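Source: prediction; values computed, not measured. Indexing begins at 1, ligand by ligand and atom by atom, following the structure's order.
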Amino acid sequence: MTRSLGILGAGGHGKVIADTAIASGWRKIAFYDDAWPKKQTNGRWQVSGRSGELLEELGAMDSVTVGIGRNNVRLQKLSELLESGATLATIIHPHASVSRFAEMGAGSVVFASAVVNVDCVLGMGCIVNTGATVDRDCRLAACVHVCPGVHLASDVTVGEGSFIGIGAVVKEGVTIGANVVVGAGAVVLHDVPDGVTIMGVPAR
Ligand SMILES: CC(=O)SCCNC(=O)CCNC(=O)[C@H](O)C(C)(C)COP(=O)(O)OP(=O)(O)OC[C@H]1O[C@@H](n2cnc3c(N)ncnc32)[C@H](O)[C@@H]1OP(=O)(O)O
């Protein structure tokens, strides 16, 4: 079992990752952030250095992840860490339910009360946030953020870097493109092309 975790990005999302990691068995958390030394703490946790220090100290920790909410930045930082030989942690809250038949990408996180159902495939760096549900056979590309309370019905596809806003609902079989923003509370009934922002009920 992995016990020490480096988190790049000492903000709110990183803090929830730290809390989730501790709940699921990690013992030692070290934050890194390019705002160091100005930024010394993230809540109850110390910030130990910038991204350069994280790269230097990779050998001293079991695994790392990126606690940056912005999907494109998280993707870039995770890719850089992988190229540097880092082991990316996949962190699942003990009160989340992830099917043993789901594939979870490295660097992905699943927060408390979230569900990832059977035969889902999630790419690198996805966030399944608090209380979200990703039902059977969904496919999420790298660095998709499924915000708190979202419900993706079965067989939904979401492209790289897309953001599904808090409380949104996506109908079964819908394909959402890459770099899409779905507004809070939206109800998505039809396929969505790359790069657009949609909102409302029904979403348009
Ligand atoms: C743990 C966490 O905190 S995770 C983060 C969770 N946060 C979210 O999910 C936030 C999601 N973001 C949103 O819903 C945003 O409002 C967005 C991205 C859809 C739009 O943001 P902006 O482009 O800044 O839009 P802006 O606030 O200027 O509003 C533009 C118009 O759209 C409307 N609008 C904005 N958001 C929504 C929405 N979710 N649903 C319906 N209408 C909306 C506004 O009322 C406004 O209408 P008006 O022109 O008639 O006054």
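In this structure, atom 45 (O) of ligand 1 has no protein heavy-atom contact shorter than 4.0 Å. By the definition of a contact as any protein heavy atom under 4.0 Å away, atom 18 (C) of ligand 1 is in contact. Shown here, atom 11 (C) of ligand 1 is in close reach of the protein: a heavy atom of it lies under 4.0 Å off. Per-atom contact check: atom 22 (P) of ligand 1 does not touch the protein, criterion being a heavy-atom distance below 4.0 Å. Not a single protein heavy atom sits closer than 4.0 Å to atom 3 (O) of ligand 1. Taking a distance limit of 4.0 Å, we find that atom 40 (N) of ligand 1 is approached by some protein heavy atom. For atom 35 (C) of ligand 1, a protein heavy-atom neighbour is present inside the 4.0 Å cut-off. Atom 8 (C) of ligand 1 is approached by the protein to below 4.0 angstrom, counting heavy atoms only.
One distance of note links CE of M61 with CD1 of I29; it measures 10.5 Å at 0.5 Å rounding. How far NE2 of H190 is from NZ of K171: 6.5 Å, rounded to the nearest 0.5 Å. Atom CD1 in I176 sits 12.0 Å away from atom CZ in R139 (nearest 0.5 Å).
Considering backbone and side-chain atoms together, I166 places an N or O closer than 3.5 Å to an N or O of ligand 1. In terms of polar-atom proximity, A184 is counted as a contact of ligand 1, with an N or O under 3.5 Å from an N or O of the ligand.
Annotation: atom 5 (C) of ligand 1 to nearest protein heavy atom, C147 SG, 3.9 Å. Looking only at heavy atoms of the protein, atom 1 (C) of ligand 1 is closest to P148 CG, 3.8 Å.
Remark: the S51 side chain and the D34 side chain contain an N/O donor-acceptor pair separated by less than 3.5 Å. Remark: the T20 side chain and the H93 side chain contain no N/O donor-acceptor pair separated by less than 3.5 Å.
Taking every heavy atom of G165 and a limit of under 4.0 angstrom, the matching atoms of ligand 1 come to 9 (O). Within ligand 1, counting atoms from 1 as listed, the ones closer than 4.0 Å to a heavy atom of G183 are 14 (O), 19 (C), 39 (N). Of all the atoms in ligand 1, the ones that sit under 4.0 Å from a non-hydrogen atom of V181 are 18 (C). Ligand-side atoms of ligand 1 in range of M199: 19 (C), 32 (O), 33 (C), 34 (N), 35 (C), 36 (N), 37 (C), 38 (C), 40 (N), 42 (N), 43 (C), range being under 4.0 angstrom from any heavy atom.
Within 6.0 Å of CD on E80 lie more than 12 heavy atoms contributed by other residues, nucleotides or ligands. Environment of NZ in K28: sparse, with no more than 12 heavy atoms of neighbouring residues, nucleotides or ligands closer than 6.0 Å.
The shortest distance between side-chain heavy atoms of L5 and I91 falls below 4.5 Å. Looking at F111 and H13, their side chains come closer than 4.5 Å, going by heavy atoms from C-beta outward. Inter-residue side-chain proximity for P37 and R50 is flagged as met; some heavy-atom pair is nearer than 4.5 Å.
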